[in-house]
Amino acid sequence: MADDPRTRSSDVPPAAPPATVNGSGPLGGRRLADDLWVVAEAAQDRVRVRVSGQIDLDVAAPLDEALEQALRASRTGIDIDLSAVTFCNSTGLNSLLQLRMTALRTGRDVVLTEVSAQVGRLLGITDTRGLFAPSPDPEGAGGQPGTDGPPP
């Protein structure tokens, strides 16, 4: 199919691994498929993950495993950069939603720090962007550490 955005020309080399973000050190960068890279790096009590390439059914299982590994390595959650994702369908969205559910069950969160135009469109159409926004209240207590709830 000529107009499929996932179609690659045979003379175009596969995507190179993205550069890691400055931090306390990489947990690992790996190629999950011909055109999918994941780089994870510890950053204090969180893990930053950068995904580049195409996300679809063919890469869902290894992507899920890589993201769950990053979540387990974090204390408070993960920050995911999807700015270099060139294709993401409902399978990729489902992976993110499942990861978010796992994170919430373990007292963590999943934040999408950056998204490509294609991912942004998918999140907009499905009205799910807000599910991956930073928590407005990181202490969980109205911004006041040591209280049992929001201010009156």
Engineer: What are the two closest non-hydrogen atoms of Gly77 and Leu71, and how far apart are they?
Structural biologist: CA-CD1, 4.3 Å
Engineer: Would you tabulate the side-chain donor-acceptor contacts of residues 122-131 under 3.5 Å, counting partners in other chains and residues two or more places apart, or write 'none'?
Structural biologist:
{"residue": "Thr126", "atom": "OG1", "partner": "Leu122", "partner atom": "O", "Å": "2.8"}
{"residue": "Thr126", "atom": "OG1", "partner": "Leu123", "partner atom": "O", "Å": "3.4"}
{"residue": "Thr126", "atom": "OG1", "partner": "Thr128", "partner atom": "OG1", "Å": "2.9"}
{"residue": "Arg129", "atom": "NH1", "partner": "Leu112", "partner atom": "O", "Å": "3.4"}
{"residue": "Arg129", "atom": "NH2", "partner": "Leu112", "partner atom": "O", "Å": "3.2"}

Engineer: Compare all side-chain heavy atoms of Cys88 with those of Gln54 and state whether any distance is below 4.5 angstrom.
Structural biologist: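 Of all side-chain heavy-atom pairs linking Gln54 with Cys88, none is under 4.5 Å.
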Engineer: Is there a side-chain contact between Arg72 and Gln69 (heavy atoms, below 4.5 Å)?
Structural biologist: yes
Engineer: What about Val38 and Leu97, same hydrophobic cluster or not, with Ile/Leu/Val/Met/Phe/Trp/Tyr joined at side-chain heavy-atom distances under 4.5 Å?
Structural biologist: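 Cluster IDs for Val38 and Leu97 match.
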Engineer: Is the shortest heavy-atom distance from the side chain of Val49 to the side chain of Asp79 under 4.5 Å?
Structural biologist: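 Contact flag for Val49/Asp79 side chains = no.
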Engineer: Within a strict 4.5 Å, meaning less than it, do heavy atoms of the Val85 and Val115 side chains meet?
Structural biologist: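 The answer is no, as the side chains (C-beta and beyond) never meet within the 4.5 Å cut-off.
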Engineer: What are the two closest heavy atoms between Gly92 and Ile55, and how far apart are they?
Structural biologist: CA-CG2, 3.5 Å
Engineer: Please tell me if the side chains of Leu82 and Leu96 come closer than 4.5 Å, counting only heavy atoms from C-beta onward.
Structural biologist: yes
Engineer: Quick check for you: to the nearest 0.5 Å, what is the distance between Leu99 atom CG and Leu63 atom CG?
Structural biologist: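 Spacing of CG (Leu99) from CG (Leu63) equals 9.0 Å.
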Engineer: Taking all heavy atoms of Ala103 and all of Val110, pick out the closest pair and write down the distance.
Structural biologist: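 Smallest heavy-atom distance, with atoms named: CB-CG2, 3.8 Å.
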Engineer: Write out all pairs satisfying side-chain hydrogen bond (donor to acceptor under 3.5 Å, both in side chains) with one or both partners inside residues 106-119, taking only residues at least two apart or from two chains.
Structural biologist: Arg46-Asp109, Thr106-Arg108
Engineer: Could you grab the distance from atom OG of Ser95 to atom CG of Asp56, nearest 0.5 Å is fine?
Structural biologist: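 Between atom OG of Ser95 and atom CG of Asp56 there are 10.0 Å.
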Engineer: Is there a path of hydrophobic side-chain contacts, each under 4.5 Å between heavy atoms of I/L/V/M/F/W/Y residues, joining Leu93 to Ile78?
Structural biologist: yes
Engineer: Which heavy atom in Thr91 sits nearest to a heavy atom in Ala60, and how many Å separate them?
Structural biologist: CG2-CB, 3.5 Å
Engineer: Within the 4.5 Å heavy-atom criterion, are Phe132 and Val111 side-chain neighbours or not?
Structural biologist: no
Engineer: Report yes if the side chains of Val51 and Ile80 come closer than 4.5 Å at any heavy-atom pair, otherwise no.
Structural biologist: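 Yes; the side chains approach each other to less than 4.5 Å.
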Engineer: Given 3.5 Å as the limit, does a donor-acceptor pair link the side chain of Thr76 with the main chain of Asp45, or not?
Structural biologist: yes
